[in-house]
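Sequence lines set the chain letters: A, B, ... in the order given, protein chains first and strands last, and positions in each chain run from 1.
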Amino acid sequence: MIFDSLRLQAQIINALAYRDQAERIRKSPFGAVGLLVEPLLFVSMFLILRVLVRIAAAAPLMNPVLQLASGFILFYLFSKIALKAISGVARSQRFSELRRIRPLDVLIAGAVVEFQIYGVCIVLVILAVSIYQWQFAVAYPGSAVAMFILVALTSLGIGLSALVVGHRLPVVKFAVNTLIRRLLFWTSGLFFSIATIPDFARPFLLWNPLLHGIELFRHSLVPTYPIPGISLGYLLIWAFVSLGFSLLVYGNNEQLLVADEAADV
Amino acid sequence: MPALNALTPRTRRRHAHHTKPPILVSLQRVTLRDDFGHLAFQNLSFRIRAGERWQVVADEQRTANGLLHCIAGLKQPAHGAVVVRSHVSWPLGRLTGLSALLSCAENVRFIAEVYGETGNVEHELDLIRQLCEFEDKFWERPFKQLPNPVKQRFKLALSLAFDFDLYLLDPTALAPLRRQGVWNEAWQAILEQRLRERAVISIGGDRFGISDRCTHSLVFGQGQLLVKGRTMDCEEQIRGVLQLRAHRRKRNQS
């Protein structure tokens, strides 16, 4: 019985993800390529900035393209999944008459699509760098994939928690949408490596789970990349505790969220 | 057990140990308001068991529509709870969750993955193509670009392509099934097949003969439930409400 339900839920999530992707492709003027343009454009823009404002003195810890791309892509993966989760119940209202589809399915399907888009982006960047260097740019592919998945799970957990808590306390939703997103942008190691941060400032940044995810991802590409203070355990705890907590509170509040959202509509 | 024949395979597995026909939907002290804040109905409690056929007779259209939408999940009650324990259809021919950007074929694939029992989408695709009888160019075109009659036929065919435990029926949506007053045979056959032994809630009049086959009735007057039970026991109240409706219609026309 439980496997039957799980199989059905997987089938529904797959259908929703396919539909979401197909709709985005239709909306984009460049089709499927258009989905990859936005994140890759961001990376290219900051790469150009970095080339212009070159830090000549410091020896590079890894390929600058990979360093910047991994930071940006993982950050945008987090941002899109978490922010989409916050508005997920409102988006699921369009399926309200399809009773088999629950708001959680819509949230997970959205996360799956983002995961696919940003996954393809990072693979493209890695392939481009590998071809340029004529050497495969990933030392531990399995570890890189695991970090990517852990960041996605953490994002979903934080987004879902913010959705439920933000429903009770709207200030939390506002804070995640604006303040926390900006704070994370500057403290997640998008432009810097944790090794270049002075010792006294490091503990202030290490609370951020996204920084751990990004630095561990870079470390899995280049094993010599230094990661002082970075812990896989910390990221694992964040991923599973946030996801477990969010599913627990979401399960207890689903009816309330749906009813209030429908009343707002 | 005969009652279990009135269920889709998935619901049948869940209720295999039951001795009475299982409850498909139960409304518990539900109060509903329409979009303008008018009361549709108040404090309504009732249950629908497998195989039962209910007709809703109300003096106000918003009461009947509200009840259908409430069970479908399109409207949330102001008070009370709607507990769904089975596979409930959307109001037949009224599905609004289709993607305007995707083609008919893609929309069918989506609904079939959500509601299909076998996972084999081709069967549903063939059935819908056969029922719709429209040209291939419509099949691959984005849904929003289709003419309205084609959209209506497609929505209706989509509703009839899947098996549900409980069908929500607004007979006015069945209009495309009749051409110049004559029922289309293919549509009628599939409709008969779908509704056979299944539970139904119908909100329309007798124009399409659906209400004639309803064994149970819910009769509303001014948002209050007047009576519920076997149709033969409610005939007096039904007549009263229908007379009131006819009187109002005449007054409005004059």
Side-chain angles (χ1 to χ4, degrees), chain A residues 1-29 31-32 34-35 89-106 108-110 112-113 167 253-265, chain B residues 9-10 13-14 16 25 33 35 37 68-92 94-103 105-119 121 142-144 158-159 162 164-166 168:
Chain A
M1 191 72 190
I2 191 161
F3 289 112
D4 212 19
S5 302
L6 281 174
R7 192 184 61 78
L8 177 67
Q9 191 174 17
Q11 199 176 310
I12 290 173
I13 290 169
N14 182 39
L16 284 165
Y18 175 80
R19 176 181 154 131
D20 190 3
Q21 217 169 39
E23 277 185 335
R24 286 192 204 194
I25 290 171
R26 295 288 151 81
K27 276 183 199 164
S28 162
L35 300 184
V89 176
R91 281 186 295 117
S92 72
Q93 287 303 303
R94 61 197 284 222
F95 303 114
S96 58
E97 64 208 313
L98 302 174
R99 276 200 173 268
R100 271 194 181 173
I101 299 177
R102 302 170 75 89
L104 185 63
D105 299 333
V106 180
I108 296 175
V112 168
V113 173
H167 187 75
N253 289 277
E254 190 186 63
Q255 286 305 321
L256 178 83
L257 290 169
V258 173
D260 288 355
E261 201 59 57
D264 289 347
V265 171
Chain B
R10 184 177 291 275
R13 282 199 292 278
R14 200 185 308 153
V25 172
R33 293 185 179 278
D35 297 337
L68 211 65
H69 290 171
C70 196
I71 295 172
L74 284 166
K75 282 203 163 71
Q76 294 294 322
H79 297 289
V82 181
V83 182
V84 176
R85 298 186 184 126
S86 60
H87 197 20
V88 177
S89 79
W90 54 86
L92 251 60
R94 301 268 194 236
L95 183 61
T96 54
L98 297 173
S99 170
L101 295 170
L102 302 187
S103 66
E106 286 168 318
N107 272 308
V108 173
R109 276 181 200 284
F110 171 68
I111 302 287
E113 282 200 40
V114 176
Y115 279 104
E117 289 295 334
T118 56
V121 181
F143 187 67
K144 67 177 177 186
L158 193 61
S159 307
F162 302 98
F164 296 98
D165 297 309
L166 170 64
L168 307 178

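Neither the backbone nor the side chain of L168(B) has a heavy atom closer than 4.5 Å to any heavy atom of chain A. With a 4.5 angstrom heavy-atom cutoff, L16(A) touches chain B via backbone and side-chain atoms both. Proximity to chain A is absent for every atom of D35(B), based on heavy atoms less than 4.5 angstrom apart. Interface residue R26(A): only side-chain heavy atoms are found under 4.5 Å from chain B.
With E23(A) contributing its side chain and L101(B) its backbone, the two residues share no donor-acceptor pair below 3.5 Å.
Pairing each heavy atom of Y18(A) with each of E106(B), the nearest pair is OH-OE2, 4.0 Å. Between L8(A) and V114(B) the shortest heavy-atom distance is CD1-O, 4.0 Å. Annotation for R99(A) and C70(B): closest pair NH2-O, 3.4 Å, computed over non-hydrogen atoms. Closest heavy-atom contact between F110(B) and I101(A): CZ-CD1, 3.8 Å.
The greatest number of non-hydrogen atom pairs below 4.5 Å with chain A, out of I71(B), I111(B), V88(B), is found for I71(B).
Rounded to the nearest 0.5 angstrom, L98(B) CG and R94(A) CZ are separated by 10.0 Å.
Salt bridge status for R19(A) with E113(B): absent, with no side-chain N to carboxylate O gap under 4.0 Å.
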